[in-house]
There are 2 protein chains.
Amino acid sequence: MSSKTVSKALSILDAFTAETPSWGLRDLARYLDMSHTIVHRILSTFEEKGYVVQNTETNKYELGIKFMELGNVVEENLKISEMIQPIMKRIALGTGESVVLTIIDNEEGLYLKIVESEKSVRFSESVGKRSPLYIGASHKVILAHLPPDIQSKIIDHGIENKARQINTKESFQVLLEFIKKQGWFYTSSETFEEVAAVSIPLFDKKNNILGSLSVAGPDYRLTDEQAKKILPILKEYQENMNFILSKVFFPSRRNYLMNKLS
Amino acid sequence: MSSKTVSKALSILDAFTAETPSWGLRDLARYLDMSHTIVHRILSTFEEKGYVVQNTETNKYELGIKFMELGNVVEENLKISEMIQPIMKRIALGTGESVVLTIIDNEEGLYLKIVESEKSVRFSESVGKRSPLYIGASHKVILAHLPPDIQSKIIDHGIENKARQINTKESFQVLLEFIKKQGWFYTSSETFEEVAAVSIPLFDKKNNILGSLSVAGPDYRLTDEQAKKILPILKEYQENMNFILSKVFFPSRRNYLMNKLS
DNA sequence: CTTTGTGGTTCGATTATAGAACCACTATTC
DNA sequence: GAATAGTGGTTCTATAATCGAACCACAAAG
């Protein structure tokens with residue numbers, strides 16, 4: 001059994017995103033289809049505890065610095081910066097492009113870490129963004145290694161939302177099979193316009209898919225041919241990343257998706 | 001009025017720190033002096049919403065990746081990385097030492113951002129750590145610019161906790177006055193053993209203290225004399241930082257401390 | 001100066017919560 | 001190997017916290 005009140009409180013938190021980082025009380029209540037009274041009470045509690053601040057000029061509510069703290073607790077716990085950063089940095093220097101670590105989290109792909117290239121024109125996106133698994137090389141490479149029943153569910157979801165990446169379910173499944181066999185994938189202008197990426201999958205010790213490692217850059221520079229040249233550099237660090245991620249991602253995290261789908 | 005249930009839920013979150021990032025159910029309940037039933041119900045809710053994960057091997061609970069996302073929402077909202085990072089990087093390169101941005105948040109000092117030096121021996125601490133305002137250059141420089149009544153309250157708090165930095169209230173107040181007049185401060189082995197730091201205060205447009213900017217390094221390298229050489233580099237960027245932080249920190253954040261103390 | 005919008009508050013009827021007592025399980029003790 | 005003490009997890013009802021219609025006070029717009 002779970003707590004209704006806490007659940008509502010967390011739904012309120014979920015409303016704060018990079019796109020909508022500040023909310024007026026009544027706006028937020030309408031968006032969540034809740035009474036403004038309860039939203040107000042919960043926000044007051046968050047504010048009391050330092051989790052939310054109210055802009056005194058606009059009266060709008062925003063997430064507090066507390067979340068940076070807690071985010072850091074998670075990051076430290078995962079030891080991401082310590083172990084993975086140096087590898088990603090090396091790949092960024094070796095390829096001259098930005099390097100992206102994507103993981104699978106709750107049916108979606110999540111940019112966990114990005115190390116940017118030194119070049120003035122480079123792929124630069126914000127960590128923490130989620131998107132469905134049928135879009136982009138970094139995500140497709142993950143989807144290709146998921147069990148068929150979960151694949152099927154996610155593809156159906158894509159078809160429902162009329163994803164332009166999917167023609168027919170069958171052709172998409174053939175594509176995924178190809179990606180799985182090839183062991184890497186290249187896309188151009190899928191998730192982001194004019195951005196291309198090469199991705200390889202990352203696994204745990206038992207060969208369960210964990211996420212992917214990608215090199216991303218402007219499509220005029222990161223062409224199909226250039227991607228093939230970059231591939232060996234990526235693959236050079238694949239086992240190393242697998243090893244670290246296996247240690248860092250406890251079974252709990254790995255199974256999270258599976259639990260949700262069962 | 002605030003919600004008791006949500007308040008309890010947030011107290012549970014507060015228990016997850018860099019030092020204690022994972023908790024067993026009953027341990028946590030004991031620590032919080034709550035019934036394990038309610039802790040369990042709240043944790044289940046957090047888990048359902050992806051805010052907490054349970055390690056399937058140890059059964060212990062940990063904060064979920066969600067907090068990295070929300071932490072990022074806050075960071076994007078504050079535009080810290082975009083605007084402040086380049087300045088701190090320049091100072092780090094110019095001085096060869098790590099650069100620390102500290103802000104005042106709810107009676108305490110909070111390391112908001114650290115750009116590390118390139119040297120192999122360098123000051124390296126985790127962002128998000130809090131400590132009382134009477135310890136260390138970066139914090140004292142903030143305390144020196146707070147209103148007398150708040151200063152007094154914080155010093156009393158330090159005396160209660162037998163802080164070794166404070167001899168008598170009077171002598172400490174004299175020191176703070178000196179720091180305020182001088183406009184900067186240097187300490188060695190205060191917050192961290194063998195670590196020295198030079199700090200300058202940062203203000204908003206109305207000259208309210210917002211935080212401090214520090215250069216920190218090993219005390220054998222960052223001596224008193226070296227600090228004086230570094231000072232001009234720090235001061236060079238002071239107004240620039242003031243300007244950016246004033247824009248970035250809404251009055252809500254600035255007044256947070258004051259509201260709490262009133 | 002009425003209307004419609006804020007954010008914030010009040011209070012009683014309703015409903016979700018609290019927590020003792022309970023499993024099922026594991027590890028340790030004697 | 002029976003007894004004990006520890007896990008995490010669940011059940012159930014008296015009770016206490018929550019919900020939300022109706023209410024401010026205020027601001028902007030018509």
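Quick note: numbers below take in every heavy atom, side chains included, and nothing from hydrogens, waters or symmetry partners.
- Rounding to whole angstrom units, CH2 of residue B:W23 and P of D:dG8 are separated by 12 Å.
- The CD-P distance, from B:E62 to D:dG8, rounds to 13 Å in whole Å.
- Atom OH in A:Y31 sits roughly 17 Å away from atom P in C:dT6 (whole-Å rounding).
- Side-chain contact check for B:S3 and B:T5: no donor-acceptor pair (N or O, by modelled atom type) lies under 3.5 Å.
- D:dT7 atom C1' lies 15 Å from atom CG of B:N55, rounded to whole Å.
- Place A:D27 and A:S3 on DNA chain C by their nearest nucleotides, and A:D27 ends up nearer the 5' end.
- When rounded to the nearest whole Å, the span between CD1 of A:I42 and C1' of D:dC19 equals 11 Å.
- Annotation: C:dT26 and C:dC22 have their P atoms spaced 22 Å apart (nearest Å).
- Of the candidates C:dG8, C:dG19, C:dA18, the closest approach to any side-chain atom of B:T5 belongs to C:dA18.
- Closest approach to the A:L25 side chain among D:dT7, C:dT17, C:dG8 is made by C:dG8 (side chain taken as heavy atoms from C-beta onward).
- Spacing between D:dA5 and D:dG9 at atom P, rounded to whole Å, works out to 23 Å.
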May I have the list of side-chain donor-acceptor pairs in residues 155-164 of chain A shorter than 3.5 Å, sequence neighbours left out?
from: A:D156; atom 1: OD1; to: A:K169; atom 2: NZ; distance (Å): 2.9
from: A:D156; atom 1: OD2; to: A:K169; atom 2: NZ; distance (Å): 3.3
from: A:R164; atom 1: NH2; to: A:E190; atom 2: O; distance (Å): 3.1

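- Counting only N and O atoms by type, the side chains of B:S199 and B:S138 include no donor and acceptor under 3.5 Å apart.
- Minimum atom distance to the side chain of B:T37 is reached by C:dG19, of the listed C:dT17, D:dT7, C:dG19.
- Using modelled atom types, one finds no donor on one side chain facing an acceptor on the other under 3.5 Å when comparing B:K60 with B:Q54.
- Closest contact between the side chain of B:K4 and the listed nucleotides C:dT17, D:dT18, C:dA21 involves D:dT18.
- For the salt bridge (charged side-chain N to carboxylate O under 4.0 Å, His left out) test, residues two or more places apart in sequence or in another chain that qualify with A:R30 are A:D27.
- Closest contact between the side chain of A:Y61 and the listed nucleotides D:dT18, C:dG8, D:dG8 involves C:dG8.
- Taking the six-membered ring for Trp and the full ring otherwise, the centers of A:F203 and A:H145 sit less than 6.0 Å from each other.
- Using a 3.5 Å distance cut-off with no hydrogens or angles, the side chains of A:T102 and A:H139 do not pair a donor with an acceptor.
- Each of A:K8 and A:R30 has a nearest nucleotide on DNA chain C; the 5'-most of these lies closest to A:R30.
- Candidate nucleotides D:dC19, D:dA17, C:dT17 were compared by shortest atom distance to the side chain of A:I38, and D:dC19 ranks first.
- One cannot find a donor-acceptor pair under 3.5 Å joining the base of D:dG20 and the side-chain atoms of A:H36.
- Between A:R26 and C:dG5, a side-chain N or O to OP1/OP2 separation shorter than 4.0 Å is absent.
- Bending across the helix from C:dT9-D:dA22 to C:dA21-D:dT10, expressed as the angle between its end axes from five pairs apiece, amounts to 40° (10° rounding).
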Is there a salt bridge (charged side-chain N to carboxylate O under 4.0 Å, His left out) between A:K153 and A:E107? Walk through the geometry before answering. CA-CA 10 Å; A:K153 195 193 150 177; A:E107 301 193 20; 3.2 Å; yes
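- The nearest whole Å value for the distance from the CG atom in A:N59 to the P atom in C:dG5 is 18 Å.
- Atoms CD (A:Q54) and P (C:dG7) sit 8 Å apart, rounded to a whole Å.
- Atoms CZ (A:R41) and P (C:dT9) sit 12 Å apart, rounded to a whole Å.
- For A:H40, a side-chain nitrogen or oxygen approaches OP1 or OP2 of C:dG8 to under 4.0 Å.
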